[in-house]
J.: 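Supplied in structure tokens, the structure appears directly below.
Excluded from the calculations below are hydrogen atoms, water molecules and symmetry mates; all remaining heavy atoms, backbone and side chain alike, are included. Treat the numbers as computed from the prediction; the structure is a model and nothing was measured.
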Amino acid sequence: MSPSRIGDYNDSDGPRSNRTSGALRDSPSPTSSNRSNHFGKMNTSLVQSKFLSHPEDLGIVAVGFSGGQGKAGVDGGPAALIESGLLDQIRDELGYNMYGHDAVHTYKDFVPAHDPPFRNMKNPRAVSAVTRRIAEQVHSHAKEGRLVLTLGGDHSIAIGTIAGTAKAVRERLGREMAVIWVDAHADINTPETSGSGNIHGMPVSFLTGLAREDNEDYFGWLEDEHRISVRKLVYIGLRDVDAGEKRILRENGIKAFSMYDIDKHGIGRVMEMALAHIGSDTPIHLSFDVDALDPMWAPSTGTPVRGGLTLREGDYICECVHETGSLVAVDLVEVNPSLATNELQAQETVRAGCSIVRCALGESLL
Ligand SMILES: NC(=[NH2+])NCCC[C@H](N)C(=O)O
Ligand SMILES: [Mn+2]
Ligand SMILES: [Mn+2]
């Protein structure tokens, strides 16, 4: 591996921040604490975590990578989220100790000069090498019992985030974890069913083992310890699913709540059903594609689809998942500030992304 990995961080320099001194110790119970911020008194109750040994510690991986799809600019997502104040909010309002937050990784040294399509996949070596590195980064946080937040980047990076968390959860707890995938798309194409060849439409097929490859330069580094079961996967927000993907979902009996289901039952009932499917004894990795939100709330993304979640529905999903106490990792992906037709659109998308992350990390009003 190259000695000069641009942007790679030195994990030894965290944490920079501390929970507002004594806030945790002075709180009436270990499950909640009262802190005030510049909005006045705010009670942020972080739920008792069932699976983290250090739930107040947050490992952050900011991934400036766009090779899983063809549009430039999604690699600028993490910087835009951070510049808008996301990390300050996480530290000052939610009170996490942050690790790994001082770099946006670009993975330049992991991207080969020559990277022709392989089995119909575009940039396959780059995406394989970068996600392999992301898996190590996420794993290094997760194995310490920290909650892990990854900021993308396109959704191909979830190959790394979920592989890293799944491995750490097996090692630490001897358990399989569940994944809640919130997205307009199922991202479960195999290389052969994909019409686009974009790997951000394929991560779930590699993570579940529905797509396999022996060559380690093309995701052959994925082992059983990195994988998740199709039985522990739940989708929310689907509305643009390819024909081949529908077949895969059907044939594997994968639990999916589309926008139809949300209209029919309401988001409250859908979350009850989604969490009941997972069960209360299973660690959860939440992978949130900002395009799950309606373009009214998140227009600045690579593959927007109308008829999506309201911002409140998106926030509610995250609040419910946080409330389970089972959350071990969160991804927020596909924020692409450069696709906006005006500055306000970019800002709105970033603002929605920040809201989603804060809710997943335990922001609540009461
Ligand atoms: N992460 C995403 N935004 N994925 C969009 C995927 C779109 C389409 N299903 C494809 O395979 O190319
Ligand atoms: Mn999507
Ligand atoms: Mn996606």
J.: In sequence, state the C-alpha distance, the side-chain angles, and the governing distance for Glu223 and Lys167, and then conclude on salt bridge (charged side-chain N to carboxylate O under 4.0 Å, His left out).
T.: CA-CA 9 Å; Glu223 315 233 23; Lys167 179 179 174 186; over 6 Å; no
J.: Check whether any side-chain heavy atom of Asp57 lies under 4.5 Å from a side-chain heavy atom of Leu52, and answer yes or no.
T.: no
J.: Going through the checks in order, is the salt bridge (charged side-chain N to carboxylate O under 4.0 Å, His left out) test met by Lys143 and Glu171?
T.: CA-CA 8 Å; Lys143 76 167 196 294; Glu171 290 167 351; over 6 Å; no
J.: Evaluate the ring planes of Trp221 and His226, with Trp represented by its six-membered ring, and classify them as parallel (under 30°), tilted (30 to 60°) or perpendicular (over 60°).
T.: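 If you compare the ring of Trp221 with that of His226, the planes turn out perpendicular.
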J.: Run Thr301 and Asn336 through side-chain hydrogen bond (donor to acceptor under 3.5 Å, both in side chains) and show every step you take.
T.: CA-CA 5 Å; Thr301 188; Asn336 186 339; over 6 Å; no
J.: Drop me the distance from Leu173's CG to Asp281's CG, to the nearest 0.5 angstrom.
T.: 11.5 Å
J.: Enter the distance from Asp242:CG to Ile248:CD1 here, rounded to the nearest 0.5 Å.
T.: 9.5 Å
J.: Checking salt bridge (charged side-chain N to carboxylate O under 4.0 Å, His left out) for the pair Glu192/Arg119: CA distance, chi angles, key distance, verdict?
T.: CA-CA 7 Å; Glu192 287 68 34; Arg119 283 177 61 185; 3.0 Å; yes
J.: Does the side chain of Ser205 reach to within under 4.5 Å of the side chain of Met202, using non-hydrogen atoms?
T.: yes
J.: Hey, does the side chain of Lys255 reach the backbone of Met273 with a donor-acceptor pair shorter than 3.5 angstrom?
T.: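 The answer is no, because no donor-acceptor pair under 3.5 Å joins these two groups.
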J.: Tell me, do Lys71 and Leu339 make a side-chain contact under 4.5 Å, heavy atoms counted?
T.: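 Yes. Closest side-chain heavy atoms under 4.5 Å.
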J.: Quick one: does Arg146's side chain have a donor or acceptor within less than 3.5 Å of a partner on Ile60's backbone?
T.: no
J.: Is there a donor-acceptor pair under 3.5 Å between the side chain of Tyr96 and the backbone N or O of Leu361?
T.: yes
J.: Would a 4.5 Å heavy-atom cut-off, applied to side chains only, mark Val333 and Phe288 as touching?
T.: no
J.: Under a 3.5 Å distance rule, please check whether Glu245 uses its side chain to pair with a backbone N or O of Ile188 as donor and acceptor.
T.: yes
J.: When you measure from the side chain of Glu313 to the backbone N and O of Thr310, does any donor-acceptor pair fall under 3.5 Å?
T.: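 Between the backbone of Thr310 and the side chain of Glu313 there is a qualifying donor-acceptor contact (under 3.5 Å).
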J.: Do you know which two heavy atoms are closest between Pro283 and Val169, and how far apart they sit?
T.: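 Of all heavy-atom pairs spanning Pro283 and Val169, the closest is CG-CG1, 3.8 Å.
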J.: Using a strict 4.0 Å threshold on nitrogen-to-oxygen distance, state whether Lys264 and Asp261 make a salt bridge.
T.: no
J.: As a test of understanding, state which of Asp183, Asp289, Thr349 forms a side chain to side chain contact (heavy atoms under 4.5 Å, CB included) with Glu334.
T.: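 Passing option: Asp289.
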J.: Kindly indicate whether the side chain of Thr150, heavy atoms from C-beta on, has any atom under 4.5 Å from the side chain of Val63.
T.: yes
J.: Between Arg172 and Phe51 (side chain of the first, backbone of the second, donor and acceptor by atom type, cut-off under 3.5 Å), is there such a pair?
T.: yes
J.: As a quick check of understanding, evaluate side-chain contact (heavy atoms from CB on, under 4.5 Å) for Leu275 and Val234, giving each step before the final call.
T.: CA-CA 9 Å; Leu275 295 171; Val234 181; over 6 Å; no
J.: Quick one: closest heavy-atom pair of Ser338 and Ser300, and the distance?
T.: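 Smallest interatomic distance, heavy atoms only, reads N-OG, 4.4 Å.
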J.: Specify the closest pair of heavy atoms between Val305 and His185, including all atoms of both residues, with the distance to one decimal.
T.: CG2-NE2, 3.6 Å
J.: With a 4.5 Å cut-off on side-chain heavy atoms, are Phe206 and Arg227 touching?
T.: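 A side-chain contact is absent here, since even the closest heavy-atom pair is not under 4.5 Å.
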J.: If you look at every heavy atom in Ala158 and Ser287, which pair is closest and at what distance?
T.: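 Ala158 and Ser287 have their closest heavy atoms at CB-OG, 3.9 Å.
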J.: Less than 4.5 Å apart, any side-chain heavy atom of Arg358 and any of Cys318?
T.: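 Heavy-atom side-chain distance check fails, nothing below 4.5 Å.
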J.: Could you state the interatomic distance from CG (Leu149) to CD1 (Ile90), rounded to the nearest 0.5 Å?
T.: 5.5 Å
J.: Within the distance-only criterion (no hydrogens, no angle test), does the side chain of Arg239 pair as donor or acceptor with the backbone N or O of Arg306 below 3.5 angstrom?
T.: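 Such a contact is found between Arg239 side chain and Arg306 backbone.
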J.: Apply side-chain hydrogen bond (donor to acceptor under 3.5 Å, both in side chains) to the pair Ser194 and Asn189, showing each step before the final yes or no.
T.: CA-CA 5 Å; Ser194 169; Asn189 273 302; 4.8 Å; no
J.: Show the nearest heavy-atom pair for residues Phe110 and Pro112, with the distance to one decimal.
T.: O-CD, 3.4 Å
J.: How close do Asn123 and Gly67 get, heavy atom to heavy atom, and via which atoms?
T.: ND2-O, 2.8 Å
J.: Is there a side-chain contact (heavy atoms from CB on, under 4.5 Å) between Ile199 and Phe219 once you walk through the steps?
T.: CA-CA 11 Å; Ile199 298 175; Phe219 306 107; 4.1 Å; yes
J.: Decide yes or no for Asp88 and Leu86: does some side-chain heavy atom of the first lie under 4.5 Å from some side-chain heavy atom of the second?
T.: no
J.: Please step through salt bridge (charged side-chain N to carboxylate O under 4.0 Å, His left out) for the pair Arg312 and Glu319, ending with a clear verdict.
T.: CA-CA 10 Å; Arg312 262 311 304 163; Glu319 289 164 348; 2.9 Å; yes
J.: Evaluate the side-chain hydrogen bond (donor to acceptor under 3.5 Å, both in side chains) criterion for residues Ser49 and His54: first the C-alpha distance (whole Å), next the side-chain angles of each, then the deciding distance (0.1 Å), finally the verdict.
T.: CA-CA 9 Å; Ser49 172; His54 297 284; over 6 Å; no
J.: If you count heavy atoms of other groups shown closer than 6.0 angstrom to CZ of Arg170, is the number above 12?
T.: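 Yes, the 6.0 Å shell around CZ holds more than 12 heavy atoms from other groups.
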J.: Let's go through Trp181 and His285 carefully: what are the C-alpha distance in whole Å and the side-chain angles of both, what is the deciding distance for ring pair (Phe, Tyr, Trp, His ring centres under 6.0 Å) to 0.1 Å, and is it a yes or a no?
T.: CA-CA 8 Å; Trp181 194 278; His285 183 123; 8.5 Å; no
J.: Please test Ile278 against Lys232 for side-chain contact (heavy atoms from CB on, under 4.5 Å), starting from the C-alpha separation and ending with a verdict.
T.: CA-CA 6 Å; Ile278 290 169; Lys232 295 209 181 313; over 6 Å; no
J.: What's the verdict on side-chain contact (heavy atoms from CB on, under 4.5 Å) for Cys354 and Gln89, showing C-alpha distance, side-chain angles and the deciding distance?
T.: CA-CA 9 Å; Cys354 291; Gln89 295 160 10; 4.0 Å; yes
J.: Are the side chain of Asn342 and the backbone of Gln345 linked by a donor-acceptor contact shorter than 3.5 Å?
T.: yes
J.: Ignoring hydrogens and angles, tell me if any N or O in the side chain of Asn215 forms a donor-acceptor pair with the backbone of Asp217 under 3.5 Å.
T.: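 The answer is yes, because a donor-acceptor pair under 3.5 Å joins these two groups.
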J.: Hydrophobic cluster membership, with links at side-chain heavy-atom distances under 4.5 Å among I/L/V/M/F/W/Y: are Ile254 and Tyr260 in one?
T.: no
J.: Checking Asp115 side chain against Arg125 main chain: does a donor-acceptor pair fall under 3.5 Å?
T.: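 Yes; at least one donor-acceptor contact below 3.5 Å.
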